[in-house]
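First up is the structure itself, then whatever we jot down about it.
Just so you know, ligand 1 is whichever comes first in the structure, and atom 1 is the first atom listed for that ligand. This one's a predicted model, so the numbers in the text were calculated from it and none came from an experiment.
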Amino acid sequence: MDIVLLGPPGVGKGTQAERLEKLLKVPHIATGDIFRRLSNEDSALAGEVRTFMERGEYVPDDLTIKVFCAEFGRPEVRDGFVLDGFPRTTRQATVLDEALAAQGRKVDRALYITAPAAVLAARISGRIQCPECSAVYNTVTNPPRLSMVCDECGHALIRRADEEPDVVRARIDTYIRETEPVIAFYREAGILSEVDGSLPISEVEGKIDTALGSQSTPARNRNA
Ligand code: AMP
């Protein structure tokens with residue numbers, strides 16, 4: 001099953017991607033996590049990626065598509081995946097369709113998680129992340145068991161550099177300009193499900209599971 005998660009920064013795509021990975025037993029791919037790891041390296045490319053991210057801009061399509069294609073080539077994603085943060089432009093959406101079609105696959109469902117701007121701002125101000133395994137928490141709505149320590153791997157949690165208010169505003173502008181057309185693309189294709197991300201997390205999960213419906217049988221059990 002191939003699922004795309006769409007929505008503005010701070011809406012909770014990362015949390016849902018991690019949950020769906022476990023539920024559906026298919027890997028999740030988060031291009032933002034890949035770019036964060038890349039930006040920490042000591043190279044000219046890392047510096048370039050860092051500059052885009054620090055400005056709240058998207059990394060250019062050519063590089064993003066290259067990164068995606070490398071992930072898409074991994075044998076682990078042959079039975080499906082949950083995409084968090086890709087595609088974010090119409091060109092990326094076209095490349096994804098072509099890559100899937102070449103394997104007789106298609107995007108099964110695009111989940112568009114929405115929330116009002118005030119909810120997004122509150123979520124982002126409480127958001128903390130594990131730099132080691134990329135698990136996402138929120139100090140208010142989804143705190144780790146031990147303060148500032150990752151439940152999954154025990155690493156110290158951090159606040160993301162691109163979550164300062166000015167950068168968040170720029171990220172939202174970029175999202176509206178570049179990614180809203182992608183939402184229209186999936187809506188026209190008839191595979192978009194809209195989910196209210198401002199609801200309590202258990203209700204968001206319920207709505208997502210309903211949207212996935214019978215498609216949400218874990219890959220491992222599908223032929224059982
Ligand atoms: P995220 O963690 O998904 O919010 O992504 C963090 C940052 O990584 C974004 O603000 C972009 O600079 C970059 N990025 C992640 N995914 C993409 C993408 N599909 N296209 C372009 N830039 C991306």
May I ask whether R36 has any heavy atom positioned less than 4.0 angstrom from an atom of ligand 1?
-> yes
Identify whether the distance between the nearest side-chain nitrogen and carboxylate oxygen of D62 and R91 falls below 4.0 Å.
-> yes
Do T15 and Y137 have side-chain N/O donor and acceptor atoms under 3.5 Å apart?
-> no
Answer yes or no: are there more than 12 heavy-atom neighbours, outside R74 itself, under 6.0 Å from its atom CZ?
-> yes
Does F86 come within less than 4.0 angstrom of ligand 1, counting non-hydrogen atoms of the residue?
-> yes
How far is atom 11 (C) of ligand 1 from its nearest protein heavy atom, and which residue and atom is that?
-> E57 O, 3.6 Å
Could you state the interatomic distance from CZ (F35) to CZ (R50), rounded to the nearest 0.5 Å?
-> 14.0 Å
Contact between E178 and ligand 1, counting heavy atoms under 4.0 Å?
-> no
Of all the atoms in ligand 1, which lie at a distance below 4.0 Å from a heavy atom belonging to T64?
-> 18 (C), 19 (N), 20 (N), 21 (C)
Looking at R171 and D173, does any basic side-chain N land under 4.0 Å from a carboxylate oxygen?
-> no
In terms of atom number and element, which parts of ligand 1 are under 4.0 angstrom from non-hydrogen atoms of M53?
-> 6 (C), 7 (C), 8 (O), 12 (O)
Shortest protein heavy-atom distance from atom 21 (C) of ligand 1, along with the residue and atom involved | V59 O, 3.3 Å
Is the backbone N or O of V182 less than 3.5 Å from a side-chain atom of T179, with the two atoms forming a donor-acceptor pair by type?
-> no
Does the N or O separation between T31 and ligand 1 drop below 3.5 Å for any pair?
-> yes
In terms of residue, atom name and distance, what is the protein heavy atom nearest to atom 10 (O) of ligand 1?
-> R171 NE, 3.9 Å
Among all protein non-hydrogen atoms, which one is nearest to atom 15 (C) of ligand 1, and what is the separation to 0.1 Å?
-> R88 NH1, 2.9 Å
Modelled atom types, side-chain donor and acceptor of Q129 and D33, under 3.5 Å = yes
Any salt bridge between R19 and D209, counting N to O under 4.0 Å?
-> yes
Can you tell me which residue and heavy atom of the protein come closest to atom 20 (N) of ligand 1, and the distance to 0.1 Å?
-> Q92 NE2, 3.0 Å
Run the numbers for me: atoms of ligand 1, each under 4.0 Å from some heavy atom of R160, listed by number.
-> 1 (P), 2 (O), 4 (O), 6 (C)
Quick one: look up the protein heavy atom nearest atom 23 (C) of ligand 1 and list residue, atom name and how far away it is.
-> F35 CE1, 3.8 Å
Please name the pair of heavy atoms, one in R109 and one in A211, separated by the smallest distance, quoted to 0.1 Å.
-> CD-O, 3.4 Å
Identity and separation of the nearest protein heavy atom to atom 5 (O) of ligand 1 | G32 CA, 3.4 Å
Determine yes or no for a side-chain-to-main-chain donor-acceptor pair under 3.5 angstrom, with S125 supplying the side chain and A122 the backbone.
-> yes
For G85, atoms of ligand 1 separated by under 4.0 Å from a heavy atom | 16 (N), 17 (C), 18 (C), 19 (N)
